[in-house]
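Not measured: the values here are computed from a predicted model.
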Protein chains: 2
Amino acid sequence: MVTEAGGDAREATRARIEAAALELFTRRDFETVTADEVADAAGISRRTFFRHFATKADAVWGDFHAHVVRLDELLAGTDPDQPVLASICAAYVEVNDYAAADLPLLRHRMRLILTEPALQAHSQVRYADVDRVVAEHVARRTGADRHSLVPRLVATATRAAATTAFETWLTGEGSLAEDLHAAFDQLARGFPGLR
Amino acid sequence: MVTEAGGDAREATRARIEAAALELFTRRDFETVTADEVADAAGISRRTFFRHFATKADAVWGDFHAHVVRLDELLAGTDPDQPVLASICAAYVEVNDYAAADLPLLRHRMRLILTEPALQAHSQVRYADVDRVVAEHVARRTGADRHSLVPRLVATATRAAATTAFETWLTGEGSLAEDLHAAFDQLARGFPGLR
DNA sequence: TGCCCGGTGGCACTGGGTGCCACTAGCGTC
DNA sequence: GACGCTAGTGGCACCCAGTGCCACCGGGCA
């Protein structure tokens with residue numbers, strides 16, 4: 001294989017795989033596309049595909065770990081006077097603040113993740129990291145043990161809010177930030193009218 | 001195969017598979033146990049295993065569909081004067097009201113589902129049915145479209161509460177009903193102290 | 001007896017994922 | 001220039017989940 005100047009050759013093939021995967025998965029079903037086909041489309045071997053992505057599903061997620069790290073940093077840097085829920089909402093909005101040019105890509109990606117059963121299932125594993133980070137933030141702010149009810153519950157409930165916001169964003173026309181704020185607002189007010 | 005008097009022979013083998021699977025998965029890891037091993041332990045062939053359960057993971061869940069149906073009926077039969085969140089909480093408590101003798105089994109099952117990554121992932125698919133049922137209930141009660149923000153959000157958030165309640169129940173000593181009420185209470189009050 | 005039918009077992013096949021080995025290109029060292 | 005090192009790759013064999021197909025076997029029924 002030709003190594004194109006510098007050590008970012010690996011990053012380049014990774015990006016090529018990612019693009020090929022997203023294109024194929026969007027054009028057809030996720031399940032009917034085999035790893036071989038993605039590898040072919042990306043111009044690499046099946047074995048190499050699984051060296052870059054542990055799972056077929058992982059190719060859809062891009063560098064999600066970087067997002068989690070960023071979310072963690074954002075949460076750690078929030079104003080202690082800001083209400084906890086508001087700080088989580090702000091961090092979610094910030095970490096999902098994509099440039100306009102990247103929005104179509106994000107739409108494709110999220111549509112896949114929220115629609116395809118296999119990817120829906122896989123998302124649970126990825127979101128576990130998010131939950132851990134948020135629960136630790138809540139624990140820091142409240143002094144509670146991070147394994148106790150409130151930190152865990154806030155983490156899973158806010159993630160539920162974020163996921164639902166993504167769903168409404170996909171089907172609607174508003175901005176993602178608006179939808180996130182709307183969902184968090186409902187959550188923080190304890191669903192007014194339903195109590 | 002010997003057909004043991006009546007048409008419930010199928011149900012009997014299904015129960016045998018389920019017991020063998022739970023026992024093996026609890027004793028070792030879920031992933032390291034092969035479908036062949038479960039089939040052997042249950043005294044049937046691998047092919048028959050997959051006739052009773054579409055997935056290795058499904059053997060852990062028992063007849064979950066019946067639970068969803070029951071939850072749906074409970075929600076449909078709730079008092080219209082009762083607050084919506086309270087009606088969902090009550091339905092969750094009711095559908096998880098196990099006899100004391102069945103609690104150890106439930107603990108094993110839930111520990112597996114909440115601990116093993118593969119089962120965590122699979123749970124997302126099963127819980128999608130629960131979310132649909134709850135969202136429809138909220139839509140009925142509020143008059144909102146069942147695909148709009150509030151019904152969806154209430155469904156995912158209450159499920160998050162229920163899941164978290166199961167986690168605290170597993171690690172603590174309280175009753176499941178208590179933990180469910182505690183989680184729903186936090187949720188319905190919008191997390192007092194965090195706003 | 002002949003027929004249907006539900007449950008079963010065996011077998012071959014696809015596809016995801018892994019371990020192992022061999023090859024190559026780049027790079028520094030003597 | 002020969003040497004070794006390393007990162008990235010390809011190929012191959014293998015394991016395992018899940019499926020389609022066919023053959024068998026038992027019980028009920030005309």
I need the [X] [atom1] to [Y] [atom2] distance, nearest 0.5 Å.
| X | Y | atom1 | atom2 | answer |
| --- | --- | --- | --- | --- |
| A:R51 | A:I17 | CZ | CD1 | 11.0 Å |
| A:E167 | A:L170 | CD | CG | 8.0 Å |
| A:E116 | A:S123 | CD | OG | 12.5 Å |
| A:R107 | A:L176 | CZ | CG | 9.0 Å |

**Study point:** Centroid-centroid under 6.0 Å between B:F25 and B:W61 rings
**Key:**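 Judged by ring-centre distance (under 6.0 Å), B:F25 and B:W61 do not meet the cut-off.
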Review point. Is any side-chain nitrogen or oxygen of A:T13 closer than 4.0 Å to OP1 or OP2 of D:dT9?
Key: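 Yes, such a contact exists.
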Review point. Given D:dT9, is OP1 or OP2 found less than 4.0 Å from the side-chain N or O atoms of A:S45?
Key: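 No, outside the criterion.
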What is the distance, rounded to the nearest whole Å, between atom [atom1] of [X] and atom [atom2] of [N]?
| X | N | atom1 | atom2 | result |
| --- | --- | --- | --- | --- |
| B:I17 | D:dA17 | CD1 | C1' | 16 Å |
| A:H52 | C:dG17 | NE2 | C1' | 16 Å |
| B:R10 | C:dC5 | CZ | P | 17 Å |
| B:R14 | C:dG6 | CZ | C1' | 16 Å |
| B:E11 | C:dG6 | CD | C1' | 15 Å |

**Study point:** Atom CZ of A:R132 with >12 non-hydrogen neighbours under 6.0 angstrom
**Key:**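 Counting other residues, nucleotides and ligands, CZ of A:R132 exceeds 12 neighbours.
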Review point. What pairs meet the side-chain hydrogen bond (donor to acceptor under 3.5 Å, both in side chains) rule with one or both residues in residues 172-194 of chain B, with sequence neighbours excluded?
Key: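 As it turns out, the side-chain hydrogen bond (donor to acceptor under 3.5 Å, both in side chains) pairs with a partner in residues 172-194 of chain B, which skip direct neighbours, are B:D185-B:R189.
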At a cut-off of 3.5 Å, list every protein nitrogen or oxygen paired with a nitrogen or oxygen from nucleotides 18-20 of chain D, distance to 0.1 Å.
residue	atom	partner	partner atom	Å
D:dG18	OP2	B:K56	N	2.7
D:dG18	N7	B:R46	NH2	2.3
D:dG18	O6	B:R46	NH2	3.2
D:dG20	N7	B:R47	NH2	3.0
D:dG20	O6	B:R47	NE	2.5

Exercise for review: Taking ring pair (Phe, Tyr, Trp, His ring centres under 6.0 Å) as the test, write out the residues that go with A:F53, two or more places apart.
Suggested key: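 Result, ring pair (Phe, Tyr, Trp, His ring centres under 6.0 Å) vs A:F53: none returned.
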**Study point:** Test salt bridge (charged side-chain N to carboxylate O under 4.0 Å, His left out) applied to A:R126 - qualifying residues, sequence neighbours left out
**Key:**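 For A:R126, the residues satisfying salt bridge (charged side-chain N to carboxylate O under 4.0 Å, His left out) (neighbours in sequence not counted) are A:D58.
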Practice item. Kindly state which residues belonging to residues 116-128 of chain A come within less than 4.0 angstrom of DNA chain C, counting heavy atoms of the residue only, listed by number. Key: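 Within this stretch, nothing sits under 4.0 Å of the strand.
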Review point. Of the residues in residues 23-37 of chain A, which ones touch DNA chain C at a heavy-atom distance under 4.0 Å?
Key: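 Close to the strand are A:V33, A:T34, A:A35.
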Check your understanding: Which of parallel (below 30°), tilted (30 to 60°) and perpendicular (above 60°) describes A:Y127 and A:F64?
Key ->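 Rings of A:Y127 and A:F64: perpendicular, as their planes differ by over 60°.
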Practice item. Check whether the side chains of B:T171 and A:H147 place a donor and an acceptor atom closer than 3.5 Å, and report yes or no. Key: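 Not at all, the side chains of B:T171 and A:H147 share no donor-acceptor pair under 3.5 Å.
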